[in-house]
Amino acid sequence: MIYVLAFVSLLLAAAVVMLFAMLGELYSRVGPAPEPTIPLQEVKVGQRPATWPKELARLAKATDGVLLVLSTSCASCVQVAGQLRDQFDMLAGYDTAVALSTADRERAEAFVREHALPRGSVYVDVGGDWVTEAFGVQTSPSALVLRDGQLTSALVFTDVAALQSAMAPVKID
Amino acid sequence: MTGATYVGVADALLAGILLCAGVAKLAVPAHSSRAIGELIPVARPRAVLIIRLVAATEIGAALALSVPAMRAVGAVAAAVLGAAFTAAGLAAAIRRIGSPCGCFGRAGNRPLGVRNVAFGLVLVAASALLFWDTSGGWAAYEGLPMLGTAAVAVMFAGWVYRDMIKDLGPQLGWPSRQRSSTRSSS
């Protein structure tokens with residue numbers, strides 16, 4: 001009897017391995033699941049900054065805008081900046097700009113050059129002072145969704161595709 | 001641990017890994033057959049057939065190693081497989097074959113080569129140990145070799161596909177480590 005049970009367990013193990021192999025093949029073809037986006041709690045929803053840097057000025061008037069808050073010293077921001085390369089306007093229907101927090105302006109300029117970000121749409125925010133004061137944001141990478149210059153929601157993300165998926169319903173509504 | 005326990009563990013490890021490799025290659029022969037197709041001049045269907053034969057031999061060897069009365073037969077089959085893997089790895093390393101091994105059904109990013117030589121040699125050495133062993137391993141415990149093989153096969157598959165499990169687990173509601181990032185402007 002014990003041999004039968006042991007043999008059945010062997011068959012079950014083989015079935016599990018086969019399932020893993022098939023799922024693994026499917027996974028390698030479809031690719032990893034996008035990183036989830038998380039609502040950012042610390043922001044001041046409804047806030048409208050009194051002053052805008054000239055690089056971000058068009059967001060003040062845009063019907064739908066998104067401000068991506070990146071930092072020169074966060075690894076996920078490097079990943080996001082890499083995804084933005086050559087497709088900065090990938091968030092269809094949104095005016096997009098970047099607030100790049102940094103301790104060192106030269107480092108920020110190097111970051112912009114390295115990832116080929118459009119210089120006219122990137123505000124170098126030394127110390128992160130402006131974005132913290134304007135929206136209360138202290139996390140990056142994060143996306144601040146604006147309507148007519150007013151903050152309506154904010155998300156923490158590490159993958160632009162996931163951000164697109166998360167923002168699509170926001171835009172439709 | 002006694003000598004018999006060591007042999008029992010080695011037996012289960014060897015059989016479990018062979019079972020995992022065999023079943024995975026049987027389910028997904030594409031990657032291994034590509035590597036074989038580069039190594040020897042055969043058409044794709046024949047390369048797939050060769051991989052299925054190798055996979056069937058691996059499964060047969062694993063089953064034989066799991067039955068104490070047939071352990072010697074399983075050890076011989078495992079040694080033959082080990083020698084074949086060593087030869088294939090050597091040939092691939094010399095000819096700089098770029099295709100991944102696909103040994104466990106996955107493409108991976110490591111080509112067929114030195115690692116397969118090392119694995120093949122370990123397989124031959126472990127098989128020799130089991131062939132000449134006189135302690136009997138776990139033969140005294142009914143069904144334990146098979147249960148050990150099953151447990152090792154499942155755990156090894158989990159290790160092979162650990163990145164997929166880590167990635168998909170949280171999507172299914174499994175607990176995961178927080179992966180948030182906090183801005184630092186330093």
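Chain letters run A, B, ... following the sequence lines, proteins first and then strands; every chain starts at 1.
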CA sep, side-chain torsions, deciding dist, call: B:Val154, A:Leu12, side chain to side chain contact (heavy atoms under 4.5 Å, CB included): CA-CA 9 Å; B:Val154 171; A:Leu12 284 175; over 6 Å; no
Side chain to side chain contact (heavy atoms under 4.5 Å, CB included) between B:Asp163 and A:Tyr27, worked out: CA-CA 10 Å; B:Asp163 60 327; A:Tyr27 173 77; 4.2 Å; yes
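Sorted by first then second residue, the ring-ring contact (aromatic ring centres under 6.0 Å, His included) pairs that include residues 62-84 of chain A, not counting sequence neighbours, number zero. Identified under the ring-ring contact (aromatic ring centres under 6.0 Å, His included) test for residues 132-156 of chain A, with sequence neighbours left out: A:Trp130-A:Phe135.
Under the 4.5 Å side-chain contact rule for hydrophobic residues, A:Leu10 and B:Leu130 do not share a cluster. Both B:Val160 and B:Phe119 sit in one connected hydrophobic cluster of ILVMFWY residues. Membership requires side-chain heavy atoms under 4.5 Å apart, directly or through other members.
Atom CZ of B:Arg115 has 12 or fewer heavy atoms from other residues, nucleotides or ligands within 6.0 Å. The number of heavy-atom neighbours closer than 6.0 Å to NZ of A:Lys44, taken from other residues, nucleotides and ligands shown, is above 12. A 6.0 Å sphere centred on CD of A:Glu133 holds no more than 12 heavy atoms belonging to other residues, nucleotides or ligands. More than 12 heavy atoms of other shown residues, nucleotides or ligands fall within 6.0 angstrom of atom CZ in B:Arg162.
Residues of residues 19-34 of chain B that come closer than 4.5 Å to chain A, counting heavy atoms only, are B:Leu19, B:Cys20, B:Val23, B:Ala24, B:Ala27, B:Val28, B:His31, ordered by residue number.
A:Ser28 contributes atom OG, which lies 7.0 Å from atom CZ of B:Arg106 (distance to the nearest 0.5 angstrom). To the nearest 0.5 Å, the span separating CD1 on A:Ile2 from CG on B:Leu147 amounts to 6.5 Å.
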Got a list of side-chain donor-acceptor pairs under 3.5 Å for residues 65-86 of chain B, not counting sequence neighbours?
residue, atom, partner, partner atom, Å
B:Ser66, OG, B:Ala62, O, 2.7
B:Ser66, OG, B:Thr149, OG1, 3.0
B:Arg71, NH1, B:Gly136, O, 3.4
B:Arg71, NH2, B:Asp133, OD2, 2.7
B:Thr86, OG1, B:Gly82, O, 2.8
B:Thr86, OG1, B:Leu121, N, 3.4

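The contact between B:Ile165 and chain A is made entirely by side chain atoms (from C-beta outward), counting heavy-atom distances below 4.5 Å.
Heavy atoms only, all atoms of each residue included: A:Phe20 and B:Ala157 are closest at CD1-CB, 3.9 Å.
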